[in-house]
Structure formats: structure tokens, C-alpha cells
Amino acid sequence: MTAAPPVGRPRASAHEHACAHCGVIIEGGGSEWCCSGCEMASEIIHGAGLDQYYARRESPAPRPSPVSLAWDSVPVEADDAGGSRAALQIDGLTCAACVWVTERVLLATPGVREAMVSHATGRCRVAWDPTKVDLRTIADRIAAIGYRPRPLNAEVAPDRTLMVRLGVAAFAAMNVMLLSASIYAGWLDGMDAGHAALFRWATLVLATPVALWCAEPLYVGAIAGLRAGVLHMDLPVSIGVASMYTQGVYATLRGEDAWLDSLTMLVALLLAGRVLEQRGRRRAVESATALANSAPRLARRGGVEIPASELVPGDRIDVGLGEEVAADGVVVAGVARVRMSILTGESEPVTLRAGERVVAGAVVEDGTLAICVQAVGGQTLLARMAAELAEAADRPAPPTLTDRIAPWFTGATLVLAAVALAVGGPPRAMAVLVVACPCALALASPLATAAGLGAAARRGLLVRTGEALRAMAEVRTVAFDKTGTLTHGEPAVVAADDVVLRVAAGLERSSGHPVARAIRNEAIRRGIALPEAHDVREVAGVGISGVVDGRRWTLGAGQPGQVEIAGLGAITLRDVPRHDAARTVTQLRALGYRVVLVSGDHAEVARRIADAAGIEEVVAGASPEEKAAWVRAQGGGVLFVGDGVNDGPALAAASVGVAMGQGAASSVLVADAIVAHDGLGPVVAGLRAAVASKRAVRGNAARSLIYNAGAVTAALLGLVNPLVAAVLMPLSSSLVVWGASRVERWTR
Amino acid sequence: MDALIFLVPIAIGLGAVFAGLFIAAAARGQFDDIDDAPQRMLDD
């Protein structure tokens, strides 16, 4: 790495500067950092000799805050060297430098042996010496520099066999091709009979594992299809492969020409298509599970932190500022403002007092609560809703275009093979079976789908399955939820005086409250330096008070939708549409989609947001069930974008459910696609990619059908021999690859 | 040309050795994540 100008550490004028770690503008005189957490983070990074991080990062680091998660439940594996290894999920990694610094800080931690962080998914694999360090310390190190570690439950191992099958098939195909080329050359120049036999036997040896083992997924697919009463595209392919191999064994024994080169090439190409499709899908699935992996929480019982899983009904737990409630229960003491948006989708916090019910997943925004636990773990409302939704999302996949062609194709192939048998005997029937083998057709859909999934993923929409992508191409109506989807789901400052904002931002300099965040962000946006506040005290239910510029100020609730500094002025806050909401709606309408806002909120609020985003049609005051009913009433072709648990039924009912990545875990679980970027633009990009992919599948299917029709006619006339087939097959497949490669261009 | 009688099996055998190495690499997770390695290289 070379020394670059320190863009990550901007320096403002003499009396104001950016926090050296998190980049918040602060008034000078005092420290280089805005808070002790940032100072500590800088010390760790400097201590590990990683100062280049500040020069290379693309955006300032998040502000460090401690994590209170249960690490005991993370599956830890023992390795041969007496060490332990485990996987964690790290949030907040935005650039290569973030990944780099995290890895290096971990490696600089005594006892850590290995640390690998994935750029794509933020997954961290770490190995350590259990006698020197534990997982909790490792997690704390990550948190100390500002990134957010989360426990990760057992992951699904990728299917390595498919890759091995492809490798073996490709290896065999290349060797068989070489040997076959010699045999074909022998047709012209003449070949010693002994050599020809040697070459034929060598091809048979190479082709045997390909036909018997590598092609197994094709047979499995065909048989599974037959059992389910569907003629899957795998069936004609399997028939082709099986007959080619049978003929190959027979021909080799008799010293005749075989089609084994076509067989191995075909299997290798089909497996390559599957590997590509799997790769595109795996990334989406991994990101989704990472998002949805609800972390096991800690709860405080009698002043001691314990994993939430150890709670039993009847326990009394304390929940403080910024903490998440770990179980369902009844408030027994305390007053607090609690945000339940994970369940209700409402961004406004509600005030809870003794005797009122509270559910797991609610976040305390100010105040403290003592709660008597009634339901824990899988019995909580949140867990039950998530389970129900996951079940609802489990629906059968509709047949693809190529699946619909398959029965006709299979029938036609068998009839034509019978005709060829009558006309030209077994060799001609064999030629028909070989060239009719729909390699290109079977590749058409997976390749175009993989290209579509990739095009969507690069633009921030992670589509989980090929079926979802195909369903997206049929969408006519795009429905948005309001809170957290069309809007940020958090308050933003819409009106405030600079003077008021400056003092408020100073008071809220280190608070984690959403209102504090909104005030700080607005101050930073306006370029106001955050003043230093002394003697800051947070008083539950009243607000926050502290000394700024030598005077004591108190920031508290004012008129509805406002916070107020007594004797100075008020700040108006409101949930505002996302920055690209209006642009997204305009683009969707230009593409001919019907755009609807479906909200659980009052008609007035919904109308205001709809107007700001440019949406004409509004369905307001809808409960979660009513939202789902509305989706069903549209008769299909609905893409629903939502974020909360309350959107779950609608997401499951829609032909395509899209969840916001920052949304509730359960909505991410049921969704067919996830928006991974901040904003709504990925939805448009995903729809474009789906349409492009459908167009490519059609074009590919048409091209391969024309090829197959032509090739079968030629085979019927007796014009096809193994050499012709060996040349035609890759030609037809490259046509399909070319067709799929255009998806990316059409998506733009 | 009779050399082919043992050269061809040797060639296939050599190829099989490399195929075996590939299988061993895949089984140890070498190809589990092929998107990350090219990124990682740029870090050092």
C-alpha cells in the first residue's frame, strides 16, 4: 500500500475538526476524537500498526459501541492443533479497507490464529487458541473498532460434489475430444486397427465415470420429475446420455465408432450451467441467512447478564436504554418509551407503564423497565409469527418455459427415433437420439437465469431463486409498504434553526437514540460543528440536559412531532421518504408498472408520503391481514416491497415478496428477494434484470429448438456421424451462452 | 507409433493424478468461495 492523502481524516478549520475515527465534525480545543470509544478504536488500530486504514477507507467508521450478545450458543469446532474455530457475521463493513482492518486487528489479538472476512457477505471465519482468548473477547475487539459482530448459526455447506463432478467431466471431455480427434483423423489417413482399438477403449474408460457418476444429478432430476408426474427437461437429456453410453459400450466392444465425445462434452456443459446457477443463487441465500440470522440476545436477570435462552417464565428482567426486550412479558415497574416497529411497523414509539404487555424484539428508546417474563424462545409472539411466515413461504415452484416444452420434446424425440429406426436401422436411430439431446435447450434457462440473478445482485437486489426471478418478469403491480420501506422508518429533521440544532447536536453527541441520530445527521449535513457538552444527564421521560457554551440546556419533548430546547427553540422531526423514492416511482411508472402504496397508517399520513413519492393509488389503514387480502385480490402479478413483521403475510401472498435488508428478520426470511443497498433503486434494477432474463430464455429456447429441428432432420436423412455431432454440439451451446451474456446489457 | 500403447495410458494416468488433486482441493473447500480471493489479493 502506498501513502495517500488522508481523506478519511478530514481536518476542518483551526477550531473545528472531524473526529479522527468516526468523522463527526466536532468543535476543537479538546480531543482529536468525539468520544472515548473512538479514541480507543484509534488506539487499537494504531497499536496494531494499521494507520493506513484511515487513508484507504472509503467512508468513516461507525461509532464503536459495546455489543451485548450471547456468544455461548455459537457452534465452535475444535481443530487438530488444539484450537477452536467459529464463524461470525460482521455488520457495517462497507469497503475493502474495513475488511482489511478487521482481519488485521483480529490477527493482532493475542491468541487469534486465523481470521478471514468475506468481502461479499461480511462473514468472518476465525480460529483461536482457547487457552489464551475466547470468542467474546474476539467479538469485543471487533466492536471496539466500530464494526458490529453477530453470532451466526450453523451454515449450510455449499454442494462441493457438484464442483467435483464438473471438474471430472471437464477433464474427461477434453481428453476424450483429443482421442476422438485422432480417431476422426484416422478416417482420412487410415489408422492401424490396434491403435484405433486402443483409442476407443481409452475414450470408454474416460467416459464411464462421466456417464455413471458425473451425470447422476441429471438422472436424479429426471426420475424425480417422473415420480411427480412431470416430464422435466432432464428426461430427454438423460435418455440421450444413457443411450449414448450404452451405444458407446456396444460399439467399443465391436470396434465401431461411438459418440462418447459428444456425451462427455454434453455432461460437462450441463454441469457448468448448474454450477453457475448455484453460484448466483448461493450468494443471495447466504446474504439472506446472514440478515435473517436473529442473534441470541442477552437478558439481565438480578443484575447478571445471561443468554435469553436461559430465561424461564416468571423471571424478572431489567431492560435499559437502547436495549432489546428478550422475552414476552408484563411490565412490573418503570416507565419507558418503546419502539415496536419490528412487530407493528409503526415508527412512533409507545409509552409503556406497569401492567402493560411487552413483546420480545421491542426496543427501549428511553427509560428503563422491569419485566415479568411470560413467554420465551420459540413461544414468543415474534418467533411464532416468523415460523408461521416461513411455512407460508414454502410453496411449489411453477414450471419454467423449458419445463413446459420438455414433454413435447421428449415425445417428438422418441417418435423421430422410431421413424429413424424404421428408415435407417439402429445407427440412424442412435444419431437422432444424440443430436436431439437438448443440451442447448437445457442450458438455455439456467444460464439466462444465472445471468439475471447476477445482474440483479450487482445492482443491490438479491433474488433468492430462479423461480422468483421468473415470477418478477410477470409482475404488473408494484406495491410499497410505507414505514421503513418508502420512508426510512426513523425520524429526520425537517425544520430547525441552526442555533437550536447546534446546541441539540452537542447534547446528543454520544446518544444512540434515533432522534439523537437524526439531529446529529442534520447538523453534519449542514456543516455545523458539534460543540462539546459537559455534565450531560439523560432523564427518562424528560429528556437530556447538559452544559454547552457555559449554559445549561434541557432538550425534551415539545409539541407532537417536535423536540424542544427550553428557552431556545424547537426542532421538527418527521419520517420522510427515502432519497430515491420519487425517482424509483417515476422509473417504475415509465416502465409501465402500476404503483400502489399499501399502509397500515392513517389515510392522511399515507397520502402525504404518497404525494411526496409521486404515488397516486393509496390503500391506507390496512392491518397485516388486510394487506395480504389486498394483494390476493389483485389476482397475481404483484410485487410487494415491505420491511416489518407486519408485512410478512403480504410478502408471502405476493407473487414476489421483496424485503428491505435492514428490515425485520422474519420479513427477510419469507421474502423472495432482498434489497441489500440503502434505497429502492434495486427494485427497478431487479425488475429490469428479470425481464431481460426472460427475454434471453425465450431467445435461447427458440435458437436451440431451431438447432435441434435442423440437426434431427439431418440425422433422419443419415447425414450425421459422430464427428458432425461433436462439432454441432458446442456450436449450439455457445449460441446459448451468447444469448445469456446479453442479459447484463439489456438490464442497463 | 507403438509407443502410443503405453503413452496413452500414461497420459490418462497423469491427467487422473491432476483430477485427483482437484478433487482433494475441492473437498477441502478451495472452491467454496471463488469471489473473495481476487478481492483479497488487492489488500496486500
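Treat the numbers as computed from the prediction; the structure is a model and nothing was measured. Side chains are part of it too, since the values below use all heavy atoms of this structure and drop only hydrogens, waters and symmetry mates. Residue numbers begin at 1 in each chain, while the letters A, B, ... track the order of the sequences.
Using a 4.5 Å heavy-atom cut-off against chain A, the contacting residues of residues 18-25 of chain B are Ala19(B), Phe22(B), Ile23(B). The interface of residues 6-14 of chain B with chain A, defined by heavy-atom distances below 4.5 Å, comprises Val8(B), Ile12(B).
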Under 3.5 Å, side-chain donor or acceptor atoms of residues 171-181 of chain A against the rest of the protein: list the pairs with distances, not counting sequence neighbours.
from, atom 1, to, atom 2, distance (Å)
Asn175(A), ND2, Phe171(A), O, 2.8
Ser180(A), OG, Val176(A), O, 2.8

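Every pair tested for salt bridge (Lys or Arg N to Asp or Glu O under 4.0 Å) that includes a residue from residues 15-30 of chain B fails, sequence neighbours excluded, so the list is empty.
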